[in-house]
Amino acid sequence: MVLTMPTSLTASATTVDTFDFIEYALHPDRLPVGNPFAGFTLRATFSHGSAGAVTVSGFCDSDDGAVYRLRFMPEVAGDYAYTLTFSLGASPEVFTGTFTATPSSRKGVVRVDPDHPFHFKYSGSGGHYFWNGTTAYWLLGFQSDGEVEAIVRRLASYRINRIRVTLNGRHEDGMRWNERYIKNSPTFRLAVCPWVCARPDNIDDPGVDAARFDVAFWRRYERMLRVARELDIVVEVIFYTDGQDPGTDPFGGKANTGNDPLEHAYYQYAVNRLAAFANVCWDVTNEYHVFRTVEWADRLGAMLRAADPYRHLISVHGHGEFPFRGSAWPTHALFQSWDDHGGHAFLLAKRKQQTDAGRIIPQVNEEYGYEDHYAVGWGENRAAPSRNADTRRRLAWGMYFAGGYQTTGERADTGTGAGADTGGGWVNGRGDSTMTMLAGYAHIRTFFEAFQWWKTLPADHLVAGHAYALAEPGCQYAIYLHSGGTAVIHLPDKRFTVRAFNCRTGEFSTLVEGRVLKRDDYAGPGWVSPHHPPGEDWAFLITASE
C-alpha cells in the first residue's frame with residue numbers, strides 16, 4: 001500500500017441541474033502500486049430529505065492511478081449531503097459535504113411508463129418518449145471528435161432520438177458483412193476497444209489486457225454522450241458487437257458462465273463511469289446467441305441492472321425470440337427479425353406473448369434489415385431494391401401500429417466516398433445529402449406525437465381494407481392505409497374530427513371537422529377514407545370532438 005495522507009478532493013460545482021451530474025475528482029498524493037483499476041474503494045452516499053439516499057461508486061480515470069472520479073446525477077431538486085469513502089487498501093479516508101440541485105428543463109431518464117407499460121416516458125418532464133432509433137455501431141471508430149459530433153447532429157436533424165453505439169468490436173473491413181465501401185483508414189478505424197491493447201492495430205490478436213481500461217477511449221465516448229444529451233438523443237451502450245469474432249471477446253465465448261470477475265469489472269466500470277448521464281441505456285450485448293448462452297445473458301443482465309443506481313433501460317439484443325420475458329431485469333424486449341417476418345404481425349404476436357407471460361414491457365424490433373444491406377446474395381436472396389428506404393419506412397409504420405417500436409439503419413454503400421475516407425450508414429452513422437431514408441421516419445414521429453399514442457391499443461378488427469388501426473375507443477383512433485385503396489373503420493355514434501397525413505411528405509390536412517360520421521352504404525356509424533392509388537400510404541387521425 002502506497003498512499004500517504006491526505007488525498008485531495010475537488011467538486012465540479014456547488015450547484016447542478018437536475019438530471020445533469022456533479023463530479024468529484026480525487027488525487028492521491030502518491031501513485032498506487034500495481035493495477036490502479038483494481039484494489040480500491042470509492043463510494044459515496046447522497047441524501048436528500050424527500051428523495052432518500054442513493055449510493056454510487058467511482059472509477060479510476062488515469063493509466064497510473066493519479067485521478068479517481070465519482071459522479072452523481074440528482075433526480076430531485078433540493079439540498080444534498082454526501083459522505084464519500086476512498087481507500088487504496090489502507091484505512092479509508094472519509095469526506096463529507098453538500099451541494100444543491102436546481103430545477104431544470106432536462107427531460108430526465110427514459111423509463112417504462114408504469115401506467116402504459118408497453119410504452120416509455122421521461123422521469124423528469126413526464127412526457128412520453130417515442131422511440132425513433134438508428135444504428136451507428138462504430139461511431140467511435142472515427143478519430144475526430146468533430147466528425148462524431150457532426151454525425152450525431154445530422155441524425156438529430158432527422159428527429160432520431162436513439163442511437164446504438166458499441167464499446168467493443170473490431171473487423172478488418174466491411175466485407176465481414178459484404179459492405180465493400182467500409183474500409184479502415186487514417187481517419188476511421190473499424191476497431192474500438194475499451195481495454196488497453198498491446199497491439200491495437202492487430203485486428204485478430206490485439207493483446208487485450210482486460211484488467212486495465214483505455215481511459216482515452218472512455219473519455220471520447222463520454223464526449224459523444226454529452227453531444228447526444230444536448231440533442232435529447234438516448235445512446236444505447238452496447239458491450240459487445242460481433243463478440244464471436246477474433247479479438248473482440250477476451251472472456252471465453254460460449255464457455256463463459258457469466259462468473260468471470262474481470263468481465264463483471266467491465267460492466268461495473270461502464271456503470272460507474274456512464275450511468276450519471278441521463279441519456280444512456282444498456283444493451284448487455286449485441287446478438288448474445290452467437291457467442292454466449294441464455295444463462296449468461298440472464299446472469300449479466302441481472303448483475304448490470306443491480307449495479308445501476310438510476311434504473312436506466314436495459315435489455316439484450318438477440319434474434320426472433322426473447323427468452324427473458326419472465327426475468328425481472330429487462331425493461332423491454334429486443335428482437336432481430338428481418339423484412340416482413342419482423343413487421344406488423346410479428347410485433348402483434350410478441351405483444352401477446354409478453355402479455356401471456358404476465359409481465360408487460362415494451363416490444364422493439366431492433367434490427368429488421370438495413371437499407372440496401374444484403375439486398376442480393378444473402379439469406380432469402382431478395383432482389384434489390386427489396387430493402388430500400390421505402391420498404392424500411394413502411395415496415396416501421398407497421399411495427400408502430402402493432403403498438404411496438406423499431407430501430408433502423410441507413411445504407412452503407414454511399415454517402416462517404418469509396419476512397420481512403422470510407423465508412424457510413426448503419427456501420428457508423430455517417431451520411432450525406434443523398435441519404436434521405438430517415439426523413440420518412442421523422443414523418444412517422446410527427447404523426448404519432450400529434451396524439452396520445454400510448455393510450456391506444458392495436459385495433460385491426462375495427463378496419464377493413466389494406467389498413468391497420470390503433471384505438472382508444474370513443475376518444476381517438478389512428479389508421480395506417482399501407483397499400484392504397486380505401487380504409488373503412490367502425491366508430492361510435494358521436495362527433496369526430498378527421499385529419500389525413502401524407503406519410504411520404506409529412507403533411508396533415510383536415511378532412512372532417514367535428515361531426516357524426518355515417519355513410520348510407522355502410523352498416524352503422526363509421527368512416528370511409530378517400531380512395532388512394534395503389535402503392536400510396538396514408539395515415540388518418542380521428543379524434544372525438546368536445
Side-chain angles (χ1 to χ4, degrees), residues 130 132 158-159 339-340 342-348 368 371 385-404 406 408 436-451 453 456-473 476-492 495-545:
F130 184 78
N132 182 32
Y158 284 116
R159 306 199 70 204
D339 303 317
D340 295 337
H344 182 74
F346 174 82
L347 279 188
L348 282 177
Y368 50 97
E371 179 189 13
S386 64
R387 296 195 180 104
N388 64 13
D390 190 59
T391 63
R392 303 306 90 188
R393 177 186 64 80
R394 291 171 187 263
L395 278 170
W397 275 99
M399 285 182 268
Y400 288 124
F401 265 79
Q406 61 78 40
T408 192
T436 59
M437 180 183 78
L438 295 180
Y441 287 75
H443 298 333
I444 302 175
R445 185 174 167 190
T446 296
F447 177 79
F448 274 84
E449 290 183 342
F451 70 105
W453 79 90
T456 64
L457 296 174
D460 293 350
H461 62 284
L462 294 179
V463 290
H466 301 297
Y468 308 136
L470 294 168
E472 181 189 8
Q476 55 180 350
Y477 302 81
I479 304 170
Y480 177 56
L481 183 66
H482 53 81
S483 301
T486 300
V488 180
I489 185 168
H490 297 270
L491 293 171
R495 294 181 181 275
F496 288 98
T497 293
V498 183
R499 290 197 290 164
F501 185 79
N502 187 323
C503 301
R504 286 146 288 117
T505 66
E507 297 173 319
F508 273 107
S509 59
T510 300
L511 301 181
V512 178
E513 187 76 52
R515 64 179 175 82
V516 176
L517 301 175
K518 291 185 177 182
R519 283 284 296 259
D520 293 338
D521 57 350
Y522 182 63
W527 180 74
V528 180
S529 77
H531 186 276
H532 293 283
E536 286 193 1
D537 62 327
W538 288 80
F540 304 96
L541 185 56
I542 303 173
T543 53
S545 300

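Quantities reported herein were computed from a predicted structural model and do not represent experimental measurements.
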Peer 1: Using the rule given for side-chain contact (heavy atoms from CB on, under 4.5 Å), can you reason through Gln406 versus Tyr400, listing the C-alpha separation, both sets of side-chain angles and the distance that settles it, and then say yes or no?
Peer 2: CA-CA 8 Å; Gln406 61 78 40; Tyr400 288 124; 2.8 Å; yes
Peer 1: Could you pull out the closest heavy-atom pair between Thr456 and Glu472, with the gap in Å?
Peer 2: CG2-N, 3.9 Å
Peer 1: Is a side-chain donor or acceptor of Thr391 paired with a backbone partner of Ser386 at a separation under 3.5 angstrom?
Peer 2: yes
Peer 1: Sequence neighbours excluded, which residues qualify as side chain to side chain contact (heavy atoms under 4.5 Å, CB included) partners of Ala487?
Peer 2: Ala467, Ile479, Leu481, Ser529
Peer 1: Please round to the nearest 0.5 Å and tell me the distance separating atom OG1 of Thr408 and atom CE of Met399.
Peer 2: 7.5 Å
Peer 1: What distance separates Leu462 CG from His490 NE2, expressed to the nearest 0.5 Å?
Peer 2: 7.0 Å
Peer 1: Specify the closest pair of heavy atoms between Ala469 and Asp460, including all atoms of both residues, with the distance to one decimal.
Peer 2: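 Looks like N-OD1, 3.0 Å.
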Peer 1: Keeping the roles fixed (side chain from Arg392, backbone from Tyr368), state whether a donor-acceptor pair exists under 3.5 Å.
Peer 2: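 Yes: the side chain of Arg392 pairs with the backbone of Tyr368.
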Peer 1: Checking Tyr480 against Cys503 for the side-chain contact (heavy atoms from CB on, under 4.5 Å) test, could you report, in this order, the C-alpha distance in whole Å, the side-chain angles of both residues, the deciding distance, and whether it holds?
Peer 2: CA-CA 9 Å; Tyr480 177 56; Cys503 301; 3.8 Å; yes
Peer 1: What closest approach, in Å, do Phe501 and His443 show between heavy atoms, and which atom pair accounts for it?
Peer 2: CZ-O, 3.3 Å
Peer 1: Assess the pair Phe447 and Trp397: is the distance between their ring centroids shorter than 6.0 Å?
Peer 2: yes
Peer 1: Mind checking side chain to side chain contact (heavy atoms under 4.5 Å, CB included) for Ala450 and listing every partner two or more places apart, or none if nothing turns up?
Peer 2: Arg499, Phe508, Leu541
Peer 1: Considering non-hydrogen atoms only, spot the tightest contact between Gly343 and Leu395 and give its length.
Peer 2: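 So the two residues come closest at CA-CD2, 4.1 Å.
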Peer 1: For the CD1 atom of Ile542 and the CD1 atom of Ile489, what is their distance to the nearest 0.5 Å?
Peer 2: 4.5 Å
Peer 1: Which distance, rounded to the nearest 0.5 Å, do you find between the OG of Ser545 and the CD of Glu513?
Peer 2: 6.5 Å
Peer 1: Can you give me the closest heavy-atom contact between Gly514 and Thr497, atom names plus distance?
Peer 2: N-OG1, 3.1 Å
Peer 1: Under 3.5 Å, side chain of Arg393 to main-chain N/O of Met437, donor-acceptor pair present?
Peer 2: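 Not a single qualifying donor-acceptor pair exists.
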Peer 1: Are the side chain of Glu536 and the backbone N or O of Trp538 linked by a donor-acceptor pair below 3.5 Å?
Peer 2: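 Side chain of Glu536 to backbone of Trp538, a donor-acceptor pair under 3.5 Å: no, none is there.
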Peer 1: Does Thr543 reach the main-chain N or O of Gln476 with its side chain, forming a donor-acceptor pair under 3.5 Å?
Peer 2: no
Peer 1: Hey, does the side chain of Arg445 reach the backbone of Asn132 with a donor-acceptor pair shorter than 3.5 angstrom?
Peer 2: no
Peer 1: So, for Phe448 and Phe401, is the gap between ring centers shorter than 6.0 Å?
Peer 2: yes
Peer 1: Out of the candidates His532, His482, Arg504, only one should pair with Asp537 under the side-chain hydrogen bond (donor to acceptor under 3.5 Å, both in side chains) rule; please name it.
Peer 2: Arg504
Peer 1: Step by step, work out the side-chain contact (heavy atoms from CB on, under 4.5 Å) result for Ile444 and Phe130.
Peer 2: CA-CA 10 Å; Ile444 302 175; Phe130 184 78; 4.1 Å; yes
Peer 1: Minimum heavy-atom separation for Pro458 to Gly403, with atom names?
Peer 2: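 Reported closest heavy-atom pair: CG-N, 4.2 Å.
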Peer 1: What's the verdict on ring-ring contact (aromatic ring centres under 6.0 Å, His included) for Trp527 and Phe496, showing C-alpha distance, side-chain angles and the deciding distance?
Peer 2: CA-CA 10 Å; Trp527 180 74; Phe496 288 98; over 10 Å; no
